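One-based numbering, in listed order, for ligands and for the atoms of each. Model, not experiment: these values are computed from the prediction.
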Amino acid sequence: MKENSEASRRGFLKKLATTTAAVAAGSSLIAAGKSNQSFYYLKKEYKPFGPNDQVNIALIGAGGMGTQDAIVALQVPGVKMVAVCDLYDGRLAEAKKRWGNDIFTTKVYKEILNRKDIDAVIIATPDHWHQQISVDAMHAGKHVYCEKPMVHSVAEGPAVIKAQKETGKVFQVGSQGVSSLGNEKAHELLKSGAIGELNYAEGFWARRAPIEVWQYPIPDDASAQTVDWETYVSNVQKRPYDSKRFFRWRNYTDYGTGMAGDLFVHLFSSLHFITESMGPNKIYASGGLRYWNDGREVPDVLLGTFDYGKTAAHPAFNLSLRCNFVDGTSGTTYLKLVGSEGSMDVTWDSVVLKRNKTIASDDPFYLEKLRKAGQTNSARKHILPPEEITFDAEKGYLGGPYDHMNNWITAIRNNGKVTEDAVFGYRAAAPALLCNDSYYKNSPMFWDPENMKMVKKA
Ligand SMILES: NC(=O)c1ccc[n+]([C@@H]2O[C@H](COP(=O)([O-])OP(=O)(O)OC[C@H]3O[C@@H](n4cnc5c(N)ncnc54)[C@H](O)[C@@H]3O)[C@@H](O)[C@H]2O)c1
């Protein structure tokens, strides 16, 4: 983003009438040519696929998210489910029930990778398996959709980037928001100067219900006989079978990546897409375990602050993220971007743009200061409510998850590229994972986002 100026502001207003009209083609408001609309529809069009474009997929990790990912992938025309891998018998049985007895099922992911009839795999295992399965899959000639965070630790990232470069396979990380209409519009608005000069961003999660805070139900038949525990812990510390560590893996650092890896990473992905940023250079986190003393090793309240340096793409700005699993008020996840002339609340389906009409104050304290400085108050203005414009997805919009999957399948078909590739995925995962390092070490972490390397401060 260039330095903001009257020209860029005027540019935004002018563009609002043209580019928005393009995105929202058919909107009666635009068609009516009104200049003071406060609501616009966002619209998406999809390209048809050819008869030879079938893509055969397999799912590795058929739990909650993997199943959802596969359901969405199968909504993309020309996609077929061929095989499923999971370490728990119950999930394999469910997969056959859902996708038919003909699908191949196994507990050994390499048996999936060895099959010639599979073009692409969705990897939705717990985080500690993402890197190894992704690298093995690309080397076996498969395109990969890997759930977020791309890796379990910062040290694991370069191997995935290397495998993608070496194999040329389409590799996409699963932060779906990046492909959504809401993120797309926010990117366009920021670039056109809609909020002036960006200086701050924030996001939060407020949760309270046990199911939301990772106390998942454990199946009645869960045991060392129905779960391949040996494989599960084969790349981390060996321990005796433990159902909680398998079915509630997010609570344990060997397998999960805490609130930051699980949730912050989504906002890093969206923020980096919207701002064209490579990431922060300073990361600091604090928090604590306030309530959920159920044996978890990760905090249930976490705050993160991040410094983004000035780059060719954006000015320097600060980011604040927070997550509270004991929040009695509950609330929504959102990403807010604040600039010198306004702000944007961004979701996958909408952007609410607020622009300040005046910076004049009617606070008596400041008015007295003005009077003392010899400045008259004759031109006193009232604060007006900010000008508010809502951009909302049209009814029937298939959503960020569909667009994300569709982008991956389209890139596979066309030998094309995706936005959230291994480099992008690593740049989103690293600051999230460094939050955990900061929290446990009680120290800020320094990161070179361009070169994707840790920086040691004397
Ligand atoms: N993009 C999103 O919005 C989103 C939402 C939720 C979860 N996720 C991500 O999806 C992944 C899975 O999360 P979940 O909530 O579905 O967990 P889950 O526990 O419901 O499912 C994980 C599945 O992986 C299986 N598994 C474990 N190790 C395996 C291995 N080595 N090989 C094959 N299968 C293995 C387990 O048996 C389980 O069925 C995580 O990385 C998580 O961060 C992303």
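Residue contacts with ligand 1: G174 is placed with a nitrogen or oxygen under 3.5 Å of a nitrogen or oxygen of the ligand (distance criterion only). Inclusion of P126 in the set of residues having an N or O under 3.5 Å from an N or O of ligand 1 is not warranted. Ligand 1 has an N or O atom lying under 3.5 Å from an N or O atom of D127, backbone or side chain. Between Y109 and ligand 1, no pair of N/O atoms sits closer than 3.5 Å.
Proximity of F246 to ligand 1 is established by a heavy-atom distance of less than 4.0 Å.
Of all the heavy atoms of K148, the ones lying under 4.0 Å from any atom of ligand 1 are found in both the backbone and the side chain. Counting heavy atoms under 4.0 Å from ligand 1, residue W249 touches it through the side chain alone. At a 4.0 Å heavy-atom cut-off, ligand 1 touches D262 through the side chain alone.
Taking the ring centroids of F325 and Y291, they lie at or beyond the 6.0 Å cut-off. Taking the six-membered ring where the residue is Trp, the centroids of Y426 and W447 are separated by under 6.0 Å. The aromatic ring centroids of Y255 and Y232 lie less than 6.0 Å from each other. Taking the six-membered ring where the residue is Trp, the centroids of Y402 and Y46 are separated by under 6.0 Å.
Judged by a 6.0 Å distance limit and a 45° cone about the ring axis, R322 is positioned over the six-membered ring of F204.
When E147, Q68, Q176, R250 are checked for heavy-atom proximity to atom 6 (C) of ligand 1, R250 turns out nearest.
Atom 20 (O) of ligand 1 has G64 N, 2.9 Å as its closest protein atom, hydrogens excluded (heavy atom only). In terms of protein heavy atoms, atom 5 (C) of ligand 1 is closest to M65 SD, 3.2 Å. With respect to atom 37 (O) of ligand 1, the closest heavy atom belonging to the protein is D86 OD1, 2.5 Å. When hydrogens are left out, the protein atom nearest atom 21 (O) of ligand 1 is G63 CA, 3.3 Å; that is the closest non-hydrogen contact.
Of the listed residues (L189, N199, I195), just one forms a side-chain contact (heavy atoms from CB on, under 4.5 Å) with L337, and that residue is I195.
Within the 4.5 Å cutoff, the side chain of K336 has no heavy atoms near those of the V346 side chain. Side-chain contact between V338 and F317 is absent, with no heavy atoms from C-beta onward closer than 4.5 Å.
For K107 and D89, the salt-bridge test passes: some basic side-chain N is under 4.0 Å from an acidic carboxylate O.
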